[in-house]
Amino acid sequence: MYNAKAYAVASAASPFARTTIQRRDPTPHDVQLEILFCGICHSDLHQARNEWSGMPTVYPCVPGHEIVGRVTKVGSAVTRFKAGDLAGVGCLVDSDGTCPECQSHHEQFCPNAVYTYNAPDRHTGKVTYGGYSDSIVVDERFVLRVPANLSLAGVAPLLCAGITTWSPLRRQGVTKGRKVGVVGLGGLGHMGVKFARALGAHVVVFTTSPAKVEDALRLGAHEVVVSRNAKEMSKHAGSFDMILDTVSAVHDLHAYLHLLRRDGNLTLVGAPDEPHAVSAFGLIFGNKSLSGSLIGGIQPTQEMLDFCGEHGITADVEVIPIQKVDEAYERLLRSDVKYRFSIDMASLKSA
Ligand SMILES: [Zn+2]
Ligand SMILES: [Zn+2]
């Protein structure tokens, strides 16, 4: 074991503070990374504040699952990485590798999946610690290759926000000639717009905020609809192949089901605390489907990163020092970020 610097919360009500955590020495199959940037995901905030009853937080908690860094050491059996390579780690650091979910590249649904933070750590017997840290050690199978041509601060959010939006767009076969809607323009939505556009679709953003129209167009939308305007909404009735809904508050899904063409799909990636109301009629008339989607497996995540390298896609980020993480959480709650915070881990050296 060795000591790593980290930022942790000691309880649900505590601010973040600098601490030292123990990481394992790399085993033959492990890759050790120096973490350069870590994105801030809304899940980090929920977990740090113990807001998920199904996943009680073990303190101290070190969140962070949008990790990008440079390989510092590899185990003797590692074949895909060497010291000096750029690499990324997302929401998962381990799984059994043998179940049907793992065999079909859906490791996120493996019954033995290990999440990057606040999950039982098979190596240490404690919990996993995430990316708000200067280094991490991860099994090679869960380490992603990062294209060298991209800005690393903007790569970090691809590891969660990126794959979360990429997976459903790919599952629905989004390609040239398709009409795709993206509801909500936040950390997830802005990635959905970039991907749908790069995949060749005609992209329409739905937002409640007229102030976001200009930004949506800059990010790649062909059209922007202010969703409170019923007349603007009705112009698009029956025309979408797919709508990706990133909003994590309860809202009227029928307004969007109505805009799907026959066999169209509405996929939810936002998760409100309260259930949505859905009438079967909204689905039956037009053979429409309503889906959900959870991050993505390792192979699709690599495919997404390679696509980003080819198309020059990164997240739009505001880079912050780790000392500002509490302030960033408060701003996240007000949606006051365009469009993701990315922590520059060099700031941890002086902490
Ligand atoms: Zn996340
Ligand atoms: Zn499995």
Side-chain angles (χ1 to χ4, degrees), residues 9 29 35 37-52 54-55 57 61-68 88-120 122 128-133 136 138-142 144 153-168 184 186-192 195 244 246-248 268-272 292-301 304-305 314-318 325 328-329 332-333 335 337 339-343:
V9 282
H29 295 280
I35 299 174
F37 291 93
C38 185
I40 297 181
C41 175
H42 217 113
S43 304
D44 300 354
L45 186 156
H46 287 302
Q47 198 73 71
R49 298 183 177 181
N50 199 14
E51 291 173 349
W52 282 333
M55 274 187 260
T57 305
C61 173
V62 180
H65 59 203
E66 295 182 337
I67 298 166
V68 64
V89 176
C91 302
L92 300 162
V93 290
D94 207 355
S95 73
D96 57 32
T98 55
C99 77
E101 301 293 3
C102 288
Q103 297 287 307
S104 66
H105 306 294
H106 294 86
E107 292 90 349
Q108 73 272 35
F109 299 125
C110 173
N112 298 303
V114 178
Y115 287 93
T116 303
Y117 58 82
N118 199 56
R122 287 194 207 111
T128 51
Y129 296 124
Y132 298 7
S133 172
I136 193 166
V138 178
D139 187 295
E140 175 183 29
R141 294 181 299 123
F142 290 83
L144 287 305
V155 166
L158 300 177
L159 277 306
C160 176
I163 186 60
T164 298
T165 47
W166 171 260
S167 289
L188 294 174
H190 96 289
M191 287 313 309
F195 287 143
L244 179 67
T246 71
V247 175
S248 55
L268 308 180
V269 290
S293 191
L294 177 75
I295 46 174
I298 296 301
Q299 189 192 69
T301 304
M304 178 269 311
L305 286 168
T314 52
D316 283 26
V317 292
E318 179 178 334
V325 64
Y329 277 21
L332 197 59
L333 288 171
S335 302
V337 54
Y339 280 88
R340 206 74 158 170
F341 289 110
S342 186
I343 305 168

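For clarity, every value in this text was computed on a predicted model and none was experimentally measured. Along the sequence shown, residues are numbered consecutively beginning with 1. Counting starts at 1 for both ligands and their atoms, following the listed order.
In summary, no N, O or S atom of C91 is located under 2.8 Å from the Zn ion (ligand 1). With a cut-off of 2.8 Å, the Zn ion (ligand 1) has an N, O or S atom of C160 in range.
The angle subtended at the Zn ion (ligand 2) by SG of C110 and SG of C99 is 120°, given to the nearest 10°.
The nearest pair of heavy atoms linking T165 to A161 is OG1-O, 3.0 Å. Smallest separation of non-hydrogen atoms from V114 and A119: CG1-CB, 4.0 Å.
The environment of H42 atom NE2 is dense: over 12 non-hydrogen atoms of other residues, nucleotides or ligands sit within 6.0 angstrom.
The nearest N/O/S atom of H65 to the Zn ion (ligand 1) is NE2. Of all N/O/S atoms in D96, OD1 sits nearest the Zn ion (ligand 2).
By the 4.5 Å heavy-atom criterion applied to side chains, L158 and I163 are not counted as neighbours.
Ring orientation note: the planes of Y339 and H190 are close to parallel, at an angle under 30° on the 30°/60° scale.
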